[in-house]
**Q** 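Please find one structure pasted underneath; my questions will follow.
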Amino acid sequence: VITYTIVIDALCKSGRISDAYHILEDMLKAGCPPNLVTYNSLINGFCKLGNMSDAMELLKQMTENSCSPDIFTYNTLIDGYCKLEKAWEGYKLMKEMSDLGCEPNFITYNTLMDAFVKAKKFSEAFNVALEMLDSDCGPSRFSFNLMIDMFCKVGQLEIGYELFQLMTDRGCVPDIYTYNIMISGACKANRTDHAMQLLERMCEAGCPPDIITYNAIISGLCKGCQAHEALELYEVIRSAGLCLDIVTYSTLIDALCKIRRMDDAERLLREMESNGCPPDVVAYTIVIHGYCKANQLDKSLEFFSELLEKGCVPSLITYSIIIDKLCKSGRVSEGCMFLKTMMENGVVPDAIVYTTVIDGLCKSDSYKEAYEVYKLMKETGCAPNVVTYNVLVDKLCKTGRLDEAIQMLEVMEEEECFPD
RNA sequence: AUCCUUUGAGAUCA
């Protein structure tokens, strides 16, 4: 059995699921009954391929063969659902296993929390965190890191700090992830002062900052309009013996763009190239955005071509930035054309690009066309957000079409999109 | 045999 199981697991991990399944059939024929681990390995194989129906089928089959699923089985299945963005199915399965007398462990909770956070379902994630803390599953350092991160992401720094204390009390030693998560959280909440304190604290705790730590701080400083301070860190990083990575460079380039030092930004882009760190889409997009803000659309378009020449694939954000600038430079029809090109290149528009175009059309007095785009976005299953409605309502109000504006507010209410 | 967490780019507003 062990030999068979090892082979099955290896086949599953290299994606050869049907071969693995044949071995299971051979085992059954040869009168060598698969054990729990055999089934778990195969279920994991199906789950990793996103084939939940076959995975669930195996769950049934193993039960019939008097092999009861254990915590590994359920965790594997829950993770399978989570990776398919069906965290709710995973959550239901957790309740089910609990009812069947198999208590979830910290891995079960970690899996679900991570999935809910990635789907931005924070209240659900919060709920799972509470269930975990209430249980006696003994959350791991990993669990605490996940929880702290999710509270930081919703701006609840204080809870993050409390959890930091709690984990220490429970004998979990904070690691570099913990510190980086908290530093990034503090930076995002515009508390670079806290971030700096944490930086000192981690050094004292014998956990030296890494490039990710500095990247987080640089990004925080840039957001707080302290681009100059961010640029000073360049030297600090060097003297700490760390290498700048692609994120450091892009963040610094963004800082330079924000203070309109486009020449320096461009120089740094060239420098990263010669330092063996070739710019990616994000780096190019930052420069493109910088030139847009500096009213040099021609330069932006030059960098757009360069990006294509270098074999980078423009992202939704790259397109959005150029579309926005085209619209705002009175070249709305070109903006619309660009949107079309983008879609032809297989990039699926989101609410932000649609809103960008709608805004462009509104501002060029083409409410009718704007409304057409709004309808199109709804037809394609893209939900308009508050900003979309703000743009439309603003235009209606400014042109004295108050009745239609009020109607629009009613639509918002129907869609549970609440005015801000 | 199961989770693998932290850092960079986009839209409205007097």
Side-chain angles (χ1 to χ4, degrees), chain A residues 5-6 8-9 12-13 35-45 47 70-80 82-83 105-115 117 140-150 152 175-185 187 210-220 222 245-255 257 280-290 292 315-324 327-328 350-360 362-363 385-395 420:
Chain A
T5 302
I6 291 171
I8 286 179
D9 188 47
C12 285
K13 293 216 162 110
N35 67 16
L36 190 55
V37 180
T38 323
Y39 280 114
N40 287 347
S41 299
L42 254 174
I43 289 177
N44 189 31
C47 286
D70 68 349
I71 184 80
F72 283 83
T73 324
Y74 285 112
N75 285 347
T76 307
L77 287 164
I78 290 172
D79 184 54
C82 287
K83 293 286 179 304
N105 66 5
F106 66 93
I107 292 187
T108 324
Y109 293 114
N110 291 350
T111 308
L112 285 167
M113 260 196 314
D114 187 45
V117 170
S140 61
R141 173 155 66 194
F142 190 94
S143 317
F144 279 109
N145 288 346
L146 277 171
M147 282 190 280
I148 295 174
D149 182 47
M150 76 182 226
C152 287
D175 63 0
I176 183 105
Y177 280 94
T178 323
Y179 286 106
N180 286 348
I181 288 166
M182 302 227 315
I183 286 177
S184 132
C187 287
D210 62 4
I211 191 67
I212 295 185
T213 322
Y214 286 110
N215 289 345
I217 293 177
I218 292 175
S219 148
C222 293
D245 68 3
I246 196 159
V247 177
T248 328
Y249 279 115
S250 352
T251 313
L252 288 170
I253 292 174
D254 197 31
C257 289
D280 62 359
V281 223
V282 178
Y284 275 114
T285 303
I286 290 169
V287 173
I288 290 171
H289 189 206
C292 283
S315 70
L316 176 58
I317 299 184
T318 320
Y319 283 109
S320 310
I321 289 168
I322 295 177
I323 291 171
D324 184 46
C327 289
K328 291 200 167 66
D350 67 354
I352 297 186
V353 226
Y354 276 125
T355 304
T356 303
V357 172
I358 292 172
D359 182 53
C362 283
K363 297 246 156 73
N385 62 23
V386 213
V387 181
T388 321
Y389 286 110
N390 286 347
V391 169
L392 290 167
V393 168
D394 182 58
K395 184 66 191 172
D420 58 4

**Q** Figure out the CE/P separation between A:M147 and B:rC3, and round it to whole Å.
**A** 19 Å

**Q** For the residue pair A:D9 / A:N44, report whether a side-chain donor-acceptor contact shorter than 3.5 Å exists.
**A** no

**Q** Figure out the NZ/C1' separation between A:K13 and B:rC4, and round it to whole Å.
**A** 14 Å

**Q** Return no unless some side-chain N or O of A:K395 is found under 4.0 Å from OP1 or OP2 of B:rC13.
**A**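 For B:rC13, neither OP1 nor OP2 has a side-chain N or O of A:K395 closer than 4.0 Å.
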
**Q** Counting primed atoms plus P, OP1 and OP2 as sugar-phosphate and everything else as base, spell out the protein contacts along nucleotides 7-12 of chain B at 4.0 Å heavy-atom distance: B, S or - for each nucleotide, 5' to 3'.
**A** BBBBBB

**Q** Rounded to whole Å, please give me the gap between CD1 in A:I107 and P in B:rU2.
**A** 9 Å

**Q** Please state how far atom CG in A:N145 lies from atom P in B:rU5, giving the value in whole angstrom units.
**A** 11 Å

**Q** Hey, which of A:N180, A:N110, A:D175 is the one that makes side chain to side chain donor-acceptor pair (under 3.5 Å) with A:N145?
**A** A:D175

**Q** In whole angstrom, what separates A:F142's CZ from B:rU5's P?
**A** 6 Å

**Q** Mind checking side-chain hydrogen bond (donor to acceptor under 3.5 Å, both in side chains) for A:D70 and listing every partner two or more places apart, or none if nothing turns up?
**A** A:N40, A:T73

**Q** Answer with yes or no whether the side chains of A:S219 and A:T251 bring together a donor and an acceptor at under 3.5 Å.
**A**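 Side-chain D/A pair, A:T251 to A:S219: absent.
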
**Q** Taking only residues two or more places apart in sequence or in another chain, which ones pass ring-ring contact (aromatic ring centres under 6.0 Å, His included) with A:Y389?
**A** A:Y374

**Q** Using whole Å, report how far OH of A:Y109 lies from P of B:rC4.
**A**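 In whole Å, B:rC4 P and A:Y109 OH are 18 Å from each other.
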
**Q** Cut-off 3.5 Å, side chains only: do A:D324 and A:T356 have a donor facing an acceptor?
**A** no

**Q** Rounded to whole Å, please give me the gap between CG in A:D9 and C1' in B:rU2.
**A** 11 Å

**Q** CG of A:L77 versus P of B:rC3: gap in Å, rounded?
**A**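 One finds 12 Å between P of B:rC3 and CG of A:L77, rounded.
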
